[in-house]
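Just follow the structure's listing: the first ligand is 1, and inside any ligand the first atom is 1. These numbers come from the heavy atoms of this one structure, side chains and all, not from hydrogens, waters or symmetry mates.
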Amino acid sequence: MKLAINGGEKLRTKPFPAYNTIGKEEEEAVLRVLRSGKLSTYLGAWHEDFYGGVEVKAFEQEWAAYFGVKHAISVNSATSGLICAVGAAGIEEGDEVIVSPYTMSASAVAPLFYGGIPVFADVEKDTYCLDPKSVEKNITQKTKAIIVVDIFGQPYDVEAINAIAKEHNLIVIEDAAQAPGAMYKERYAGTLGDIGVYSLNYHKHIHAGEGGVIVTNDDVLANKLQLIRNHAESVIANKGFDSPKDLINMVGFNFRMTEMECAVAREQLKKLPDLVLQRQNNVAYINEALKSIPCLRTTLQREHVKHAFYVHPLEFDAVKAGVSRDVFIKAVKAELPRTLMRDDSDVLIGCGYVKPIYLQPIFAHKMAFGSKGYPFNLSTVAYQEGDCPVCESLHFERLFTHELMRPGMSKEDMDDVVKAFIKVWENREELA
Ligand SMILES: *Cc1c(COP(=O)(O)O)cnc(C)c1O
């Protein structure tokens, strides 16, 4: 059978359905707020509404209860949440923060806003989360925190990394943007470190258009996070903060979520358990069907972990296939239709993830704020090819991910995805 990439017939042309979790419930929630006329009642001054309005407060309480954590603090994005977390952790000029190179850029660059220096540790070859051994190797006298990422929906190595953090007195910030609903033993991802951050942007499991949530069980950190979210400098006096030490990083932002966004997020949270379960079931279905293809390997799920599958990661063996990952995946994509998410959306399969972050321009040139290279000019840390060999080999050769397992995909839709892989595998000599 001639492959579509060589001019043959496509296996399927009918587009895949969009991932859309918004329904009547969200519509009514938005109308409720709209009709009240109170789209946000936050005040950036000392007042009961310094902590937001009714929807903000209800959403935070519901989030904290769901995830079993003392404080949930809503913000306008996970990026903002990460910045708050780094500030509350007390990161200052020249402090080193160990970060993952294989993540969305915000989790690695957040330290820069406080003059902190991101130091990249390598990832584990089969879970893609930070490798505890590499973390340990990168600790210096200047290390203050570790930003772990539950990448693709799999929680980080909680036991090992938390033990390292304890031994060296480091704060663990957990970027759980891709893992709401994932678990390690009986605890939810996001609550496994000292501070956790979730995202509510359009691409995540649940969303409010934009938005984010920070969680912690620590009262002191919670207080600082709330202050940084909302003009800290204007209310610290009312908080009884007056010693210089209390004022560290207490210059605030406006990172507030609106009432409509929180009303939508409240409805979305109710849908989370089912959405995560559907992802797990869909991934299990596709994994089982792909077993017959020798050049594909499903990724490891750590023991005691419930994976939330933001995307479905798989590994490609070019030796078994006789062609490279990029050539093979390009041929699979040629067999399949786009997804109805946005007008120009491609087939939702990608080779690698984001390019290892230390290879991106701001690190390669050590230029972030101003023209003098601040804050990199405070440090001798270097960024170059070869820094994280596991991450590089995953990205450039072995790993691919797809999103054709999101709720909304029927069994027939997923069968077509699998058939495309099988068709390309069976006709791979056409690619040589
Ligand atoms: C999406 C994402 C973010 C950023 O989320 P925003 O809410 O868009 O700021 C941060 N980290 C990871 C791992 C993400 O996937």
Considering heavy atoms of the protein only, find what lies nearest to [atom] and give residue, atom and distance to 0.1 Å.
atom: atom 3 (C) of ligand 1; value: Met104 SD, 3.4 Å
atom: atom 8 (O) of ligand 1; value: Asn201 ND2, 2.8 Å
atom: atom 15 (O) of ligand 1; value: Gln178 NE2, 2.9 Å

For the rings on [X] and [Y], is their centre-to-centre separation under 6.0 Å?
X: Tyr353; Y: Phe400; answer: no
X: Tyr358; Y: Phe120; answer: yes
X: Tyr383; Y: Phe363; answer: yes
X: Phe152; Y: Phe309; answer: no

Can you list the atoms of ligand 1 that are under 4.0 Å from a heavy atom of [X]?
X: Ser199; value: 5 (O), 6 (P), 7 (O)
X: Thr79; value: 4 (C), 6 (P), 9 (O)
X: Gly211; value: 7 (O)
X: Thr103; value: 13 (C)
X: Asp175; value: 10 (C), 11 (N), 12 (C), 13 (C)

For the pair [X] and [Y], find out whether any cationic side-chain nitrogen is under 4.0 Å from an anionic carboxylate oxygen.
X: Glu62; Y: Lys270; result: no
X: Arg266; Y: Glu55; result: yes
X: Asp413; Y: Arg12; result: yes

Original post:
Where on Ala78 is there a heavy atom closer than 4.0 Å to ligand 1, on the side chain, on the backbone, on both, or on neither?
Top reply: both
Subject >> Main-chain N/O of Leu192 paired with Glu174 side-chain donor or acceptor, under 3.5 Å >> reply: yes
Subject >> Under 3.5 Å: donor-acceptor pair, side chain of Ser107, backbone of Met104 >> reply: yes
Counting both backbone and side chain atoms, is some N or O of [X] under 3.5 Å from an N or O of ligand 1?
X: Ala106; value: no
X: Tyr353; value: no
X: Glu210; value: no

Original post:
Has Ser80 got any heavy atom lying under 4.0 angstrom from an atom of ligand 1?
Top reply: no
Original post:
Does Lys204 come within less than 4.0 angstrom of ligand 1, counting non-hydrogen atoms of the residue?
Top reply: yes
